[in-house]
Amino acid sequence: PFYQLRVFASDNRQAVDQFIHTHHLTSRSQIEWTLDKGKTRFSVLIGHFTDYEHALKAEHHLPTSIQQQHPQILTRWS
């Protein structure tokens with residue numbers, strides 16, 4: 001497995017794009033979309049960490065404005 005940080009999520013794609021632009025994440029983020037109960041949900045993901053501890057450390061080093069969004073550490077499978 002590897003780990004990523006979900007730093008923002010919304011069902012509004014424009015809000016996601018604005019978050020990425022505001023926080024200068026264009027080159028280091030990716031957008032993932034999922035379908036939940038017929039609604040599309042967009043998530044902004046950053047990082048590709050080999051273990052949970054590295055992801056946690058990265059989370060603690062995020063700017064306060066991003067930390068206020070309560071990022072989540074996600075376990076991913078290749």
Side-chain angles (χ1 to χ4, degrees):
F2 66 96
Y3 302 85
Q4 288 185 298
L5 296 175
R6 178 188 298 142
V7 294
F8 185 74
S10 175
D11 58 359
N12 183 320
R13 175 61 193 255
Q14 288 180 322
V16 167
D17 292 340
Q18 183 63 43
F19 181 86
I20 290 170
H21 176 75
T22 299
H23 297 283
H24 310 287
L25 297 174
T26 304
S27 65
R28 59 184 212 144
S29 66
Q30 67 185 73
I31 298 173
E32 174 184 77
W33 65 271
T34 55
L35 198 57
D36 183 27
K37 298 177 186 168
K39 288 188 87 170
T40 303
R41 185 110 175 121
F42 302 96
S43 296
V44 179
L45 307 175
I46 60 172
H48 189 280
F49 306 99
T50 56
D51 58 53
Y52 185 88
E53 289 74 25
H54 281 104
L56 187 60
K57 185 176 180 180
E59 179 184 6
H60 291 142
H61 284 91
L62 291 170
T64 303
S65 59
I66 296 177
Q67 287 186 21
Q68 290 172 341
Q69 298 297 318
H70 305 288
Q72 295 175 300
I73 298 174
L74 305 177
T75 305
R76 313 304 278 200
W77 303 94
S78 298

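Along the sequence shown, residues are numbered consecutively beginning with 1.
- Annotation: the span from Arg28 atom CZ to Thr26 atom OG1 amounts to 10.5 Å, rounded to 0.5 Å.
- Ring planes of Tyr3 and Tyr52: perpendicular class, angle over 60° (limits at 30 and 60°).
- Taking both residues in full, the closest heavy atoms of Ser43 and Arg6 are given as OG-NE, 3.3 Å, listed atom of the first, atom of the second, then distance.
- For His54, the side-chain contact (heavy atoms from CB on, under 4.5 Å) partners two or more places apart in sequence, or in a different chain, are Phe49, Thr50, Asp51.
- How far CG of Asp17 is from CG of Leu25: 12.0 Å, rounded to the nearest 0.5 Å.
- One N or O on the side chain of Gln67 and one on the backbone of His60 form a donor-acceptor pair closer than 3.5 Å.
- Leu45 belongs to a hydrophobic cluster whose other members, connected by ILVMFWY side-chain contacts under 4.5 Å either directly or through intermediates, are Leu74.
- A single hydrophobic cluster is not seen to contain both Leu5 and Phe2; linkage of ILVMFWY side chains at heavy-atom distances under 4.5 Å, directly or through other members, places them apart.
- In this structure the side chain of Ser65 reaches within 4.5 angstrom of the side chain of His23, judged on heavy atoms.
- Side-chain contact between Gln69 and Phe19: present, with at least one pair of heavy atoms (C-beta onward) separated by less than 4.5 Å.
- One N or O on the side chain of Gln4 and one on the backbone of Gly47 form a donor-acceptor pair closer than 3.5 Å.
- In this structure, Phe42 and Val16 approach most closely via the heavy-atom pair CB-CG2, 3.6 Å.
- Here the shortest heavy-atom pairing between Ser29 and Ile46 reads CB-CG2, 3.7 Å.
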Donor-acceptor contacts under 3.5 Å from residues 32-40 side chains, at least two apart:
| residue | atom | partner | partner atom | Å |
| --- | --- | --- | --- | --- |
| Glu32 | OE2 | Arg76 | NH2 | 2.2 |
| Lys39 | NZ | Asp11 | OD2 | 2.9 |

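- For Glu53, the CD atom sits in a packed shell: over 12 heavy atoms of surrounding residues, nucleotides or ligands are nearer than 6.0 Å.
- Rounding to the nearest 0.5 Å places OG of Ser27 at 11.0 Å from CD1 of Ile20.
- Minimum interatomic distance between Lys57 and His61 (heavy atoms only, all atoms of both residues): O-ND1, 2.8 Å.
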Apply the test side-chain contact (heavy atoms from CB on, under 4.5 Å) to residues Ile31 and Arg13: give CA-CA distance (whole Å), side-chain angles for both, the deciding distance (0.1 Å), then the verdict. CA-CA 10 Å; Ile31 298 173; Arg13 175 61 193 255; 3.3 Å; yes

